[in-house]
Amino acid sequence: MSLIPLTEAIQTNALQHIRLIATDIDGTLTKNGKFTTNLLQALSQLKQAKIPIILITGRSAGWVQALKHYLPVSGAIAENGGLFYPFEFDQPQFLISLNSLSQHRQNLAQAFQILQVQYPNLQASADNFFRFTDWTFEIQNISLSEIQLLTELCEELGWGFTYSTVQGHIKPKTQDKATGLLKVIQQYWSDLTPEQILTIGDSPNDQTLFNSELFPQSVGVANILDYSDQLTHKPRYVTAGSEVEGFCEIVNIFYPFLVP
């Protein structure tokens with residue numbers, strides 16, 4: 001499926017029925033890894049329009065727990081669908097089943113050690129101390145062919161694997177952003193239809209959010225084009241701007257539908 005420029009959504013009024021936005025963070029709400037004043041303004045506009053915003057990221061539970069307090073959002077999903085922090089609570093709601101958290105962490109660490117036997121240069125991410133459901137490592141110096149081999153090795157070990165612009169993730173096979181998001185929506189926004197939900201992202205770990213059977217309205221910021229050949233599911237629309245400039249482009253197009 002070819003990607004449609006977001007500007008065409010104006011002509012079809014495709015966004016006028018959106019009532020909730022779920023968005024990735026890194027590479028989608030950031031510019032060179034940082035939040036900008038334009039982002040804060042865009043999020044404030046959506047809050048004023050009473051549109052709930054759910055952050056959905058591969059970042060750790062500890063990182064997300066702090067972040068949700070500082071942005072005008074309704075909650076945040078961490079670890080690629082592993083757990084959810086509602087705005088009003090500091091305790092996470094697990095979105096996957098774990099019989100024993102300590103054993104789960106031990107199993108993840110052992111899986112990573114097996115990967116390191118094949119790829120000794122793999123470096124565990126420092127944020128694993130703040131994670132519950134997955135195990136991460138740095139991918140800056142890993143090639144696409146190595147990513148594919150790591151995916152296959154994780155599958156042989158009984159694990160799933162995904163990656164973003166910043167990290168590789170060893171995770172349970174059934175854990176992904178779409179599955180986690182659907183559970184949160186069912187609990188907190190069960191009155192919404194799939195057509196009323198807009199999902200936004202920029203990298204391979206966002207591709208389940210682009211599954212049109214689950215989320216008919218999805219947008220990739222322009223840097224998603226760097227991965228277009230690697231995606232099973234692609235966003236319906238793509239912005240002209242990259243990173244947070246793309247997100248602000250979405251809000252600028254979307255906001256007029258929300259104001260009287």
Side-chain angles (χ1 to χ4, degrees), residues 1 3 22 24-28 56-61 63-64 77-83 95-98 103-128 130-183 199-215 218 220-221 223-235:
M1 182 179 72
L3 302 185
D24 173 55
I25 299 177
D26 289 283
T28 304
I56 181 162
T57 176
R59 292 287 190 174
S60 69
W63 193 85
V64 168
I77 296 174
E79 300 179 15
N80 289 309
L83 60 160
L95 301 175
I96 64 169
S97 298
L98 296 176
Q103 184 63 54
H104 180 69
R105 296 303 301 168
Q106 183 178 338
N107 293 343
L108 285 166
Q110 290 174 347
F112 177 65
Q113 290 170 1
I114 293 173
L115 297 190
Q116 282 185 307
V117 172
Q118 299 288 335
Y119 299 93
N121 293 329
L122 290 184
Q123 297 294 321
S125 301
D127 67 354
N128 281 300
F130 309 104
R131 290 183 176 273
F132 292 111
T133 65
D134 67 353
W135 188 278
T136 58
F137 54 88
E138 305 304 313
I139 64 165
Q140 284 75 11
N141 297 316
I142 299 177
S143 68
L144 181 59
S145 60
E146 289 173 324
I147 288 287
Q148 181 59 41
L149 291 171
L150 286 167
T151 302
E152 294 171 2
L153 182 53
C154 283
E155 185 163 342
E156 291 175 8
L157 296 172
W159 294 98
F161 177 77
T162 191
Y163 67 102
S164 68
T165 54
V166 292
Q167 292 173 319
H169 301 258
I170 307 169
K171 63 183 185 63
K173 286 186 174 182
T174 57
Q175 180 176 326
D176 59 64
K177 287 189 175 185
T179 302
L181 177 59
L182 289 172
K183 289 179 180 179
T199 55
I200 307 171
D202 80 303
S203 63
N205 68 325
D206 298 316
Q207 66 175 313
T208 59
L209 299 177
F210 303 147
N211 184 341
S212 60
E213 294 183 0
L214 302 176
F215 305 107
S218 63
V221 293
N223 34 307
I224 192 67
L225 297 174
D226 295 338
Y227 302 99
S228 59
D229 293 338
Q230 304 163 38
L231 301 177
T232 301
H233 301 291
K234 298 181 181 182

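The structure presented is a predicted model; accordingly, all values stated were derived computationally and were not measured. Scope of the values below: all heavy atoms of this structure, side chains included, with no hydrogens, waters or symmetry mates.
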Item to check | Minimum-distance pair of heavy atoms, taken over all atoms of Ala178 and Phe215 | outcome: CB-CE1, 3.8 Å
Item to check | Pairwise side-chain contact, Lys177 with Asp24, heavy-atom cut-off 4.5 Å (strictly under) | outcome: yes
Next on the checklist: For a 4.5 angstrom cut-off between non-hydrogen side-chain atoms, does Leu122 reach Ile142?
Outcome noted: yes
Checklist entry - Less than 4.5 Å apart, any side-chain heavy atom of Leu83 and any of Thr133? => result yes
Item to check | Closest non-hydrogen atom pair, Asp26 against Arg59 | outcome: OD2-NE, 2.8 Å
Checklist outcome for this item: Rounded to the nearest 0.5 angstrom, the CG-NZ distance for Asp229 and Lys234 is 6.0 Å
Checklist outcome for this item: The reported gap from CZ in Arg131 to NE2 in His104 (rounded to nearest 0.5 angstrom) is 11.0 Å
Checklist outcome for this item: His233 meets the ring pair (Phe, Tyr, Trp, His ring centres under 6.0 Å) criterion, sequence neighbours left out, with none
Checklist entry - Does the side chain of Asn141 reach to within under 4.5 Å of the side chain of Asn121, using non-hydrogen atoms? => result no
Checklist entry - What's the shortest heavy-atom distance between Leu209 and Ser218, and which atoms? => result O-CB, 3.8 Å
Item to check | Parallel, tilted or perpendicular, as decided by the 30° and 60° cut-offs, for the rings of Phe161 and Phe137 | outcome: parallel
Checklist entry - Can you tell me how far the CD1 atom of Ile139 sits from the CG atom of Leu144, to the nearest 0.5 Å? => result 10.5 Å
Checklist entry - Quick check: are there more than 12 heavy atoms from other residues, nucleotides or ligands sitting under 6.0 Å from CD of Gln116? => result yes
Checklist entry - Any side-chain donor-acceptor pair under 3.5 Å between Asp127 and Gln167? => result yes
Item to check | Residue Glu213 excluded, over 12 heavy atoms near CD under 6.0 Å | outcome: no
Next on the checklist: For Leu3 and Leu225: C-alpha separation, side-chain torsions, deciding distance, then whether side-chain contact (heavy atoms from CB on, under 4.5 Å) applies.
Outcome noted: CA-CA 9 Å; Leu3 302 185; Leu225 297 174; 3.6 Å; yes
Item to check | Any donor-acceptor pair under 3.5 Å from Gln207 side chain to Thr232 backbone | outcome: yes
Item to check | For Ile170, the option from Thr162, Asp134, Leu115 that meets side-chain contact (heavy atoms from CB on, under 4.5 Å) | outcome: Leu115
Next on the checklist: Quick check for you: to the nearest 0.5 Å, what is the distance between Leu95 atom CG and Asp176 atom CG?
Outcome noted: 11.0 Å
Checklist entry - Mind checking whether Tyr227 and Thr165 have side chains closer than 4.5 Å, heavy atoms only? => result yes
Checklist entry - Checking side-chain contact (heavy atoms from CB on, under 4.5 Å) for the pair Trp63/Ile25: CA distance, chi angles, key distance, verdict? => result CA-CA 12 Å; Trp63 193 85; Ile25 299 177; 3.8 Å; yes
Checklist entry - Asn205 and Ser164: which non-hydrogen atoms are nearest, and at how many Å? => result OD1-CB, 3.4 Å
Item to check | Minimal non-hydrogen separation, Pro235 against Gly220, with atom names | outcome: CB-N, 3.4 Å
Item to check | Side chains of Arg105 and Asn128 in contact at under 4.5 Å (non-hydrogen atoms) | outcome: yes
Next on the checklist: Please find the pair of heavy atoms, one from His169 and one from Tyr163, that lie closest to each other, and give the distance.
Outcome noted: CD2-CA, 4.3 Å
Next on the checklist: To the closest 0.5 Å, what do you measure between CH2 (Trp135) and CD (Gln113)?
Outcome noted: 7.5 Å
Checklist outcome for this item: OG (Ser97) and CD (Gln175) are apart, to the nearest 0.5 Å, by 11.0 Å
Checklist entry - When you measure from the side chain of Glu79 to the backbone N and O of Lys171, does any donor-acceptor pair fall under 3.5 Å? => result no
